[in-house]
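Step one of this worksheet: look at the structure below.
Below, chain A is the first sequence line, B the second, and so on; all start at residue 1.
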2 protein chains.
Amino acid sequence: MSRTASIKDVANHAGVAVGTVSNVLNYPDRVSERTKVRVLQAIDDLGFVRNDAARQLRAGQSRTIGLIVLDVGNPFFTAVVRAAEDAAALSGSAVLLGDSGHKAERESHYIDLFQEQRVQGLLISPVGDVTERLDQLRERGVPTVLVDRRADETRFSSVSVDDDAGGYLAARHLLDVGRRRLAFVGASLAIRQVADRLQGARRAVSEFPDASLEVLEAEGQTVLAGRTVGNSLVERADGGLPDGIFCANDLLALGVMQSLTMMHTVRIPEDTALIGYDDIDFAVSAVVPLSSIRQPTEALGRTAIELLAEENSSNGEHQHRAVVFTPELVVRQSTVRD
Amino acid sequence: MSRTASIKDVANHAGVAVGTVSNVLNYPDRVSERTKVRVLQAIDDLGFVRNDAARQLRAGQSRTIGLIVLDVGNPFFTAVVRAAEDAAALSGSAVLLGDSGHKAERESHYIDLFQEQRVQGLLISPVGDVTERLDQLRERGVPTVLVDRRADETRFSSVSVDDDAGGYLAARHLLDVGRRRLAFVGASLAIRQVADRLQGARRAVSEFPDASLEVLEAEGQTVLAGRTVGNSLVERADGGLPDGIFCANDLLALGVMQSLTMMHTVRIPEDTALIGYDDIDFAVSAVVPLSSIRQPTEALGRTAIELLAEENSSNGEHQHRAVVFTPELVVRQSTVRD
DNA sequence: TCGTAACAATGAAACGATTCAAAGAATTGA
DNA sequence: TCAATTCTTTGAATCGTTTCATTGTTACGA
């Protein structure tokens with residue numbers, strides 16, 4: 001098996017100097033038409049493909065950007081990844097994707113890997129507290145943008161979604177359609193995202209003197225956990241039932257919906273209106289299409305790349321920016337009968 | 001901002017030769033304890049991180065493997081990716097992930113990129129017909145393993161799942177629980193996977209003289225499409241209803257389930273048993289937990305990496321292998337009441 | 001004490017691309 | 001025709017690592 005052709009082989013084959021081949025590839029208009037044709041022919045003959053390692057070595061930097069997400073299976077991140085890839089492609093960069101799976105160890109592994117690869121920068125949705133590690137990186141010239149986590153602006157740029165606003169939107173929508181006895185269903189209120197959503201909901205409720213908000217803690221962020229909560233609600237169907245339910249994510253909401261509709265004692269949205277969060281694909285195809293809060297995933301991914309570019313271009317001192325996006329209300333039949 | 005430290009800086013700082021630093025990193029036991037300590041200290045002082053581009057350049061090959069999937073959002077691929085990453089990590093390789101999104105253009109883009117990166121090999125779940133392109137790659141020393149597509153063994157190794165067997169399993173299970181008037185629900189029968197599942201189902205049915213199989217074509221592979229099919233079934237609830245339904249994927253099955261249960265005229269599994277395919281996360285948390293066919297995703301990913309390693313080690317002529325896995329039946333309440 | 005073997009450390013060469021100063025060729029105007 | 005100018009091409013130096021033949025050092029038995 002023959003070694004893959006190098007630029008030197010191409011030069012020999014075409015009868016020119018290596019510098020000329022390089023020029024054909026990088027500055028085509030510095031080269032005469034005649035030689036260009038010859039060189040391109042040689043490239044084709046030999047099946048030459050640039051060796052990226054050599055380019056990088058010489059350039060001192062790669063054309064890749066590292067992106068570490070918590071879970072590639074999560075549609076939220078999948079969408080962010082895709083947007084980031086597209087945005088990066090515009091400036092000729094590629095995205096290296098790492099899935100930490102919520103594990104600090106895997107996260108650390110990817111940071112190491114990306115640092116060895118001399119990535120242009122790092123986008124990360126951190127598992128634990130990696131700010132020290134990231135500080136280090138920055139000192140070594142690897143700028144970092146936090147994704148889906150607001151950052152101390154003196155240290156990092158970040159893109160995130162305003163969960164408080166999202167919570168407000170959801171609760172306010174329930175209130176706007178006339179509901180007053182609201183319930184919030186969420187697991188692990190310690191998670192910042194969940195806590196913020198609850199806080200936003202509380203804010204909305206406080207604007208209506210006659211409204212109340214009950215908090216129901218679920219055992220997890222899953223459909224099953226939602227169904228457990230739903231079952232306990234069914235038992236209260238006569239009277240004590242909330243007339244508006246806001247779930248911290250769509251999975252919980254779907255679970256609650258299943259419990260409520262299965263018994264046919266509670267009608268959605270007549271007896272109780274239901275809204276989720278995330279607007280996953282399944283929301284639209286639920287038994288009763290689920291109202292939800294949609295996060296601007298494309299904008300997140302795109303902006304993260306842009307912030308990184310900003311940081312890269314303004315070498316040296318740079319004002320970090322924390323960009324916070326506002327989520328969007330998606331109304332479906334689980335809150336408003338057509 | 002100071003340039004990142006190189007191995008030469010480390011050598012100076014520690015007062016040794018560059019070769020020694022390299023030895024500390026790659027062959028620690030060739031180096032005396034004393035120098036090792038000093039070098040490691042220097043590495044720490046300067047925050048030295050190996051430059052992977054230089055390593056690669058010297059080595060002539062990278063320690064990465066390219067993996068191109070059709071859709072990272074698809075849980076099937078997500079699982080394969082994760083398994084491949086883990087398997088690759090065992091031999092010290094990393095996986096570069098590319099999402100073609102079913103687009104030949106993106107696929108081609110990633111192949112180019114990976115070729116420039118001099119990946120050790122390529123795992124690909126191809127969009128279109130890329131065999132020519134892959135032949136080229138192989139000639140240039142980049143072995144390829146096809147994922148989720150059986151390959152002509154004279155040209156490529158491959159890992160795939162026996163969809164015919166899966167179809168047989170599903171239909172046979174319905175027959176085994178006493179159903180005889182079966183229906184197959186699937187979209188785009190032209191897709192090999194779908195066609196094979198149907199064929200397998202037919203095979204099972206042919207083993208029971210008194211059994212029949214009706215084919216219902218859906219408009220897509222989605223919950224909504226399933227619901228449409230389900231609605232048409234509800235209208236036949238008195239008499240003409242199949243007593244066993246096999247859907248080509250879980251989304252369709254969930255849609256069908258929604259339609260059937262919503263009306264409360266059809267009971268699952270009493271009136272009709274329902275089975276899907278893929279065993280997605282949602283299957284277990286459906287209103288009636290869905291029986292399904294599970295594909296051995298971990299084995300797929302792991303084996304793909306192994307086949308690649310085989311091909312890499314046996315340089316030169318190599319017997320390709322097409323490994324075909326057998327899917328597994330997962331029985332839940334949609335086919336068998338506890 | 002010496003010779004030998006085992007062990008450590010050295011540093012130049014190589015990997016393949018890009019860069020850039022310098023040389024060479026072609027073109028222009030007088 | 002010649003000098004000045006512009007356009008092409010050249011090839012050595014460089015990036016940071018690994019490799020390996022060579023040199024230097026230490027330990028040990030005779």
Listed once per pair and sorted, the ring pair (Phe, Tyr, Trp, His ring centres under 6.0 Å) pairs that draw on residues 72-112 of chain B, sequence neighbours left out: B:Tyr110-B:Phe114

N-O pairing of A:Glu116 and B:Arg63 below 4.0 Å: yes

Integer-rounded Å distance: D:dC15 P and A:Gln117 CD: 21 Å

Heavy-atom side-chain contact between A:Gln117 and B:Thr64 under 4.5 Å: yes

From CA spacing to verdict: side chain to side chain contact (heavy atoms under 4.5 Å, CB included), A:Leu134, A:Leu146: CA-CA 10 Å; A:Leu134 300 180; A:Leu146 299 188; 3.7 Å; yes

Members of residues 10-34 of chain A that approach DNA chain C, where some heavy atom sits under 4.0 Å away: A:Gly19, A:Ser22, A:Asn26, A:Tyr27

A:Asp278: salt bridge (charged side-chain N to carboxylate O under 4.0 Å, His left out) partners, not counting sequence neighbours: none

Spacing between A:Lys8 atom NZ and D:dT10 atom P, to the nearest angstrom: 15 Å

salt_bridge(A:Asp112, A:Arg133) N-O dist < 4.0 Å: yes

Spatial distance of atom OG (A:Ser160) from atom CZ (A:Arg150) [nearest 0.5 Å]: 5.0 Å

Residues A:Arg138, A:Glu311; criterion salt bridge (charged side-chain N to carboxylate O under 4.0 Å, His left out); working and verdict: CA-CA 10 Å; A:Arg138 184 156 33 67; A:Glu311 203 141 339; 5.1 Å; no

Selection residues 120-162 of chain A - residue pairs positive for ring pair (Phe, Tyr, Trp, His ring centres under 6.0 Å), sequence neighbours left out: none

DNA chain C-proximal residues of residues 53-64 of chain B, any heavy atom under 4.0 Å: B:Leu57, B:Arg58

Pairs satisfying salt bridge (charged side-chain N to carboxylate O under 4.0 Å, His left out), at least one member in residues 79-96 of chain A, at least two apart: A:Arg82-B:Asp71, A:Arg82-B:Asp99, A:Glu85-B:Arg106, A:Asp86-B:Arg106

Salt bridge (charged side-chain N to carboxylate O under 4.0 Å, His left out) partners of A:Asp9, counting only residues at least two apart: A:Arg3

By side-chain contact (heavy atoms from CB on, under 4.5 Å) - contacts of A:Ala88 (at least two apart): A:Ile65, A:Ser93, A:Val95, A:Ile305

Interatomic distance where CG belongs to A:Asp52 and C1' belongs to D:dC15 [whole Å]: 14 Å

Start and end of the DNA chain C segment that chain A contacts, any atom under 4.0 Å from a heavy atom: C:dG16 to C:dT19

Polar side-chain atom of A:Thr78 near backbone of A:Val72 as donor-acceptor pair, under 3.5 Å: yes

Nearest non-hydrogen partners of A:Thr20 and A:Val31, listed with the distance: O-CG2, 4.4 Å

Quiz: residues 34-41 of chain A side-chain donor-acceptor pairs under 3.5 angstrom, not counting sequence neighbours:
from    : atom 1 : to      : atom 2 : distance (Å)
A:Thr35 : OG1    : A:Ser32 : O      : 3.1
A:Thr35 : OG1    : A:Ser32 : OG     : 2.5
A:Lys36 : NZ     : A:Pro28 : O      : 3.4
A:Gln41 : NE2    : A:Asp45 : OD1    : 2.8

Helical bend (five base pairs per end, nearest 10°) for the helix from C:dT1-D:dA30 to C:dA30-D:dT1: 40°

Using a cutoff of under 3.5 Å, can you pull out all pairs of nitrogen or oxygen atoms linking the protein to nucleotides 22-24 of chain D, with atom names and distances?
none

